[in-house]
Amino acid sequence: MIGILGGGQLGRMLALAAARLGFDITILTPEADSPASRVAAHTLHAAYDDPVALGELARRCAVVTFEFENVPAGVVAALHGLGVPTAPSDLALATAQDRVIEKTFFRNQGIATVDFVAIDNADDIVAGLARLGAPALLKTRREGYDGKGQAWVATPEEASSAFERLGRVPMILEARAPFVRELSIIAARAHDGTVSAYPLTENTHRDGVLRLSVAPAAAQARTHDAASALARTTLEQLNYVGVAGIELFELANGDLLVNEFAPRVHNSGHWTLDACEVDQFEQHIRAIAGWPLGPTQPFAQARMENLLGADVETWAALAAEPGARLWLYGKRDALAGRKMGHVTRLSALS
Ligand code: AMP
């Protein structure tokens, strides 16, 4: 029995992969009728920090993982304290949850990021703009995703209103990354320390949300090598077990900056479901179960599009399209911008 904290589509696809390998899944989620719980053997419907539910999860499961990075890191530490192994660790989760800690971690490993300053008040923003140049991107340190909790600041006069608008919480101010495109690398580390990465993925976002992933990305060999090397360093330094997604900015000369990392399977790795023998979900289950990692070389070129909100209403046409591989997440309401499913189209590797 494997436990998963979180009940979204990533948990659903993890549960499907786990079932295929003969494991049962228990989901812990505060969400009623979640996408993951509808394909899992058991669900504990409770808050993440509910002590009774955590005790039950620890008793039932051989290992617990998470599919949602805003699960409190203390909950993962508490499970560990209850005697159930957790993977990835609470250290990896805590590092990814705070953008200042995360970027400081990368800096300390010699991995390039944009310049940044920690922000506690509007005056820090004014000083930060003078140091980083304008415009700069203000982000909440915690709990931002899909472009939420972010605002560009162009002038010192905008500092106060931007600080108010993002909720007067601890923030980070980032220099603008002069990227030519966005890439990501999905990598896994096994219990025995083996690290394996899928080829680079090229990602297109709209309004801060991933729309399109193309893989393997056409890139210089040195860019592929640099991404694999920084993924290996990241996972090794965090003593990581499982799959992680690392988001990258590629500069005009092919150099890479790390934007952030997700301590979980990642939306930009969904193409592996249809283009690889072992996809990122199975790879994560293999890693946390102590199995050997599977192969990561794709057998096809893949183009994955997210179906957001009303996009999902095209399902019948997509289902009728030869070669379109459709994944639907079973969400009840197609709210605007909500990730409802994705479609992947394969072609011959070039
Ligand atoms: P994030 O929530 O950090 O993944 O940011 C969402 C999106 O905002 C990224 O995918 C980029 O398109 C853009 N972005 C984030 N940080 C920066 C930056 N420092 N400079 C330019 N664009 C950025």
Side-chain angles (χ1 to χ4, degrees), residues 5-10 29-31 34 46-50 66-77 90-107 113-177 182 205-211 245 247 249 257-264 266-267 308-309 331 333 335-339:
L5 302 169
Q9 65 270 15
L10 301 178
T29 176
E31 189 187 342
S34 74
Y48 292 122
D49 59 358
D50 181 309
F66 45 86
E67 62 99 52
F68 173 59
E69 76 227 43
N70 291 327
V71 170
V75 163
V76 176
D90 57 305
L91 169 69
L93 181 59
T95 305
Q97 279 178 339
D98 182 308
R99 293 182 190 275
V100 172
I101 294 173
E102 182 182 37
K103 286 204 162 60
T104 304
F105 164 79
F106 283 114
R107 282 290 166 93
T113 69
V114 290
D115 278 338
F116 64 93
V117 289
I119 300 293
D120 290 316
N121 54 53
D123 289 344
D124 290 345
I125 300 176
V126 175
L129 277 180
R131 207 182 108 192
L132 304 174
L137 189 53
L138 187 65
K139 303 178 180 177
T140 56
R141 281 175 71 152
R142 304 178 68 88
E143 297 200 349
Y145 67 98
D146 286 348
K148 296 188 179 69
Q150 303 190 4
W152 285 101
V153 186
T155 64
E157 291 69 38
E158 291 172 16
S160 292
S161 61
F163 190 67
E164 293 295 326
R165 204 161 61 246
L166 296 192
R168 300 179 66 88
V169 291
M171 298 181 200
I172 186 172
L173 188 67
E174 296 182 4
R176 188 177 64 81
E182 294 189 68
H205 295 81
R206 205 182 312 147
D207 302 326
V209 181
L210 181 68
R211 300 304 301 237
E247 298 178 16
F249 296 133
L257 303 177
V258 170
N259 176 30
E260 61 179 359
F261 88 99
R264 52 167 171 74
H266 193 259
N267 192 169
L308 302 182
K331 296 184 183 177
D333 303 310
L335 304 178
R338 192 168 192 210
K339 290 176 179 168

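The chain is numbered in sequence order, starting from 1.
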Notebook entry, point to check: Taking only residues two or more places apart in sequence, or in another chain, which ones meet Thr95 in a side-chain contact (heavy atoms from CB on, under 4.5 Å)?
Noted result: Leu91, Ile101, Phe105, Leu238, Phe261
Checklist line | Minimum side-chain heavy-atom gap Glu247-Val258 below 4.5 Å | finding: no
Checklist line | Side-chain heavy-atom pair Arg211, Leu308 within 4.5 angstrom cut-off | finding: yes
Check: So do the side chains of Glu182 and His205 get within less than 4.5 Å of each other, counting heavy atoms only?
Finding: yes
Notebook entry, point to check: Once you round to the nearest 0.5 Å, how far does CZ of Arg165 lie from OG of Ser160?
Noted result: 11.5 Å
Item checked: Rounded distance [0.5 Å steps], CD in Gln150 versus CG in Leu166 -> 8.5 Å
Next item on the list: List the steps, then state whether side-chain contact (heavy atoms from CB on, under 4.5 Å) holds for Ile172 with Ile119.
Entry: CA-CA 5 Å; Ile172 186 172; Ile119 300 293; 5.8 Å; no
Check: Could you give the distance from CD (Gln97) to CG (Asp90), rounded to the nearest 0.5 Å?
Finding: 9.5 Å
Note to self: Run the side chain to side chain donor-acceptor pair (under 3.5 Å) test against Asp115 and tell me which residues pass, sequence neighbours left out.
What the structure shows: Arg107
Check: Any idea which heavy atoms bring Tyr48 and Gly7 closest together, and the distance?
Finding: OH-N, 4.5 Å
Check: So Lys103 and Glu174, salt bridge (Lys or Arg N to Asp or Glu O under 4.0 Å) or not? Walk me through it.
Finding: CA-CA 10 Å; Lys103 286 204 162 60; Glu174 296 182 4; 2.7 Å; yes
Note to self: Checking Ala262 now: which residues fulfil side-chain contact (heavy atoms from CB on, under 4.5 Å) with it, not counting sequence neighbours?
What the structure shows: Glu69, Arg264, His266
Margin query: So Leu257 and Val114, do their side chains get closer than 4.5 Å, heavy atoms only?
Written below: yes
Note to self: How close do Pro263 and Leu93 get, counting heavy atoms only, and between which atoms?
What the structure shows: CG-CD1, 4.0 Å
Checklist line | Arg338 side chain to Asp333 backbone, donor-acceptor under 3.5 Å | finding: yes
Next item on the list: For the residue pair Lys331 and Gln9, establish whether any side-chain heavy-atom pair is separated by less than 4.5 Å.
Entry: yes
Check: Can you name the residues that form a side chain to side chain donor-acceptor pair (under 3.5 Å) with Glu158, not counting sequence neighbours?
Finding: none
Note to self: Contact between Phe116 and Leu132 at the side-chain level, heavy atoms closer than 4.5 Å - yes or no?
What the structure shows: no
Margin query: Restricting to side-chain contact (heavy atoms from CB on, under 4.5 Å), what partner residues turn up for Val126, sequence neighbours left out?
Written below: Pro156, Ala159
Checklist line | Counterpart residues, side-chain contact (heavy atoms from CB on, under 4.5 Å), relative to Pro170 (two or more places apart) | finding: Asp120, Arg141
Notebook entry, point to check: Would you say the side chain of Leu5 lies within less than 4.5 Å of the side chain of Phe68, judging by non-hydrogen atoms?
Noted result: no
Check: So do Phe163 and Ile125 actually touch side chain to side chain, heavy atoms under 4.5 Å?
Finding: yes
Check: Taking it one step at a time, do Asn267 and Lys339 satisfy side-chain contact (heavy atoms from CB on, under 4.5 Å)?
Finding: CA-CA 10 Å; Asn267 192 169; Lys339 290 176 179 168; 3.0 Å; yes
Next item on the list: To the nearest 0.5 angstrom, please state how far the OG1 atom of Thr155 sits from the CG atom of Leu129.
Entry: 7.5 Å
Next item on the list: Give a yes or no on whether the backbone of Ala134 and the side-chain of Arg176 come within a donor-acceptor separation of less than 3.5 Å.
Entry: no
Note to self: For Asp123, is there any backbone N or O sitting under 3.5 Å from a side-chain donor or acceptor partner on Asn121?
What the structure shows: yes
